[in-house]
Amino acid sequence: MKLKENIHYVGVNDRTKDLFEGLWPLPYGVSYNSYLIVDQKIGLIDTVDVNFFELYLDKIQAVIGERPIDYLIINHMEPDHSGSIGLIRKIYPNIRLVGNKKTLEMVEGYHNMSTANDLTVVEGDMLSLGSHQLHFSLIPMVHWPETMVTYESTEKLLFSGDAFGCFGALNGHFTDTNAEVDYYWEEMVRYYSNIVGKYGAPVQRALQKLEKLDIDMICSTHGPMWTQHIEKVIYTYDRLSRYDADCGAVVCYGSMYGNTQQMAESVARGLAEGGIERICVYDVSRTNLSFILKDIFKYRGLVLGSPTYNGKIYPQMEQLLNAIASRDMKNRIFGAFGSFTWAGQAVKTLKTFAETVHFDMVTEPVEMKQGFKAFDEKECVELGHSVATRLLSDSL
Ligand code: FEO
């Protein structure tokens, strides 16, 4: 697939992997993007998951035949992109790897190969392939410490590593030109919140660094190449990395016998009565964390509810709290509810959590002893009202 006269897409679709990083579901698959620039010298940018190597090599050789590759530019060392480096070097023994100091250390660590004759680059370095000039810029922690981007200044392509990436395989279209791309927006938020979400500050630093570039096409390691929607892609990453969110609320609950679930239903009703249009309700035992995190990044309101279990918070709720805290989530309007049968702990844990992550807790948690039948649900409806009022007043 030609992106420009001498710049080719040689990546692959993965429609069989169940869990990205062993954690995150891929209902629409994922693409591992790699690019080939053919000039006086040939440059390959990133590779693909090693399981796709045969197909990948076929794609490369369909473009360059028996010509050797001169450089492999490594923007990111996570094995979904770096997995084929060892095999590429076996096929092209004279290829020079191009990366920063940390990159080449990781190549040695992952592939057990010497990088003594490879090319170490630093911020601002340039490599000429002939008529194409590659400029390197480091964007540490988007998503690993070695991550960098490569800007090709003749055609104005930004090879951005994981930055601006999204889940979802490429369905015939490689770029967003004349393509329906609606489903990628949700998958972009899910990708960001699951994979990159912890690194808001480094993403902000990277965006400031890239601001001055004149970009015709963003070529990320995952998802389509962006040409028509560049502004929206950058805007989306900018908002997500500032933890900025839309007016809406996510209600998550754990429930063993349906009593705490009924509390969640009442909270959601209170939110709706309070004027909130976008409300998501999730059972933390039944909806994968990946999708819950996506909506927590999307919406400003968050209400969590849990029963007390073994004297602690419900295990799946604990997992969600850890996932939120480890992403340094900020700026959320928060409410909490919970239940117990003989000794309460869940709401205490939720309150401590809110204090620890500096969420704006609109009112004291609502606590229920034993079953919903003997409980006055008005307390939960009012919790929903309170969160709604704060959300709407903050949106003005
Ligand atoms: Fe797509 Fe951080 O690797």
Side-chain angles (χ1 to χ4, degrees), residues 9-35 44-53 56 72-86 88 97 99-100 102-107 109-111 136-150 158-170 174 184 187-207 210 218-226 233 236-237 240-241 290 293-294 297 323 326-328:
Y9 176 81
V10 289
V12 298
N13 278 328
D14 186 344
R15 299 182 190 275
T16 56
K17 180 174 281 198
D18 297 319
L19 296 173
F20 192 80
E21 294 184 338
L23 291 166
W24 315 110
L26 294 169
Y28 308 105
V30 67
S31 68
Y32 310 121
N33 298 342
S34 173
Y35 306 91
L44 180 64
I45 298 181
D46 289 313
T47 70
V48 301
D49 186 306
V50 69
N51 294 310
F52 295 84
F53 186 73
Y56 178 51
L72 168 57
I73 293 94
I74 305 168
N75 281 331
H76 185 23
M77 270 302 294
E78 193 167 4
D80 49 334
H81 314 292
S82 70
S84 294
I85 291 175
I88 281 286
L97 309 185
N100 59 72
K102 287 194 174 90
T103 313
L104 297 183
E105 280 168 11
M106 288 184 189
V107 169
Y110 270 100
H111 295 279
F136 306 108
S137 188
L138 309 190
I139 55 162
M141 304 319 300
V142 188
H143 144 234
W144 280 13
E146 89 302 356
T147 311
M148 65 179 199
V149 298
T150 301
L158 178 68
F159 299 99
S160 63
D162 278 352
F164 311 118
C166 65
F167 289 139
L170 304 179
F174 294 86
Y184 288 115
E187 285 297 86
M188 182 174 280
V189 180
R190 197 165 66 86
Y191 176 80
Y192 181 89
S193 61
N194 293 185
I195 309 297
V196 193
K198 177 178 172 58
Y199 305 111
V203 172
Q204 278 292 305
R205 284 194 287 276
L207 288 173
L210 302 178
I218 292 178
C219 302
S220 170
T221 45
H222 301 289
M225 285 106 257
W226 299 102
V233 168
T236 302
Y237 262 71
L240 289 168
S241 57
S290 170
L293 283 173
K294 184 232 342 160
F297 267 77
S326 72
R327 282 162 179 75
D328 284 339

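Just so you know, residue 1 is the first one in the sequence shown, and it goes up from there. Because the structure is a prediction, the values reported are computed rather than measured. Counting starts at 1 for both ligands and their atoms, following the listed order.
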Checklist line | Crowding at OH, Tyr28 (>12 non-hydrogen neighbours, <6.0 Å) | finding: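 Check fails, neighbour count at 12 or below.
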
Do you know which N/O/S atom name in [X] is closest to atom 1 (Fe) of ligand 1?
X      : result
His222 : NE2
Asp80  : OD2
His81  : NE2

Checklist line | Heavy-atom pair of closest approach, residues Ser34 and Leu44 | finding: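 Heavy atoms of Ser34 and Leu44 come nearest at OG-CD1, 3.6 Å.
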
Margin query: Please give me the minimum heavy-atom distance between Ser290 and Asn194, naming the atom from each residue.
Written below: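 Reported closest heavy-atom pair: OG-OD1, 2.5 Å.
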
Notebook entry, point to check: If atom 2 (Fe) of ligand 1 is the vertex, what is the angle to ND1 of His143 and OD2 of Asp162, rounded to 10 degrees?
Noted result: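 About 90° at atom 2 (Fe) of ligand 1.
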
Next item on the list: Name whichever N, O or S atom of Glu78 ends up nearest to atom 2 (Fe) of ligand 1.
Entry: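 For Glu78, the N, O or S atom at the smallest distance from atom 2 (Fe) of ligand 1 is OE1.
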
Item checked: Option among Thr221, Asp46, Asp14, Asp80 that satisfies the side chain to side chain donor-acceptor pair (under 3.5 Å) test with Tyr32 ->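 For Tyr32, the side chain to side chain donor-acceptor pair (under 3.5 Å) check succeeds only for Asp14.
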
Item checked: Residue from Tyr184, Trp24, Tyr192 passing side chain to side chain contact (heavy atoms under 4.5 Å, CB included) with Phe167 ->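 So, applying the side chain to side chain contact (heavy atoms under 4.5 Å, CB included) to Phe167 and each of Tyr184, Trp24, Tyr192, only Trp24 qualifies.
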
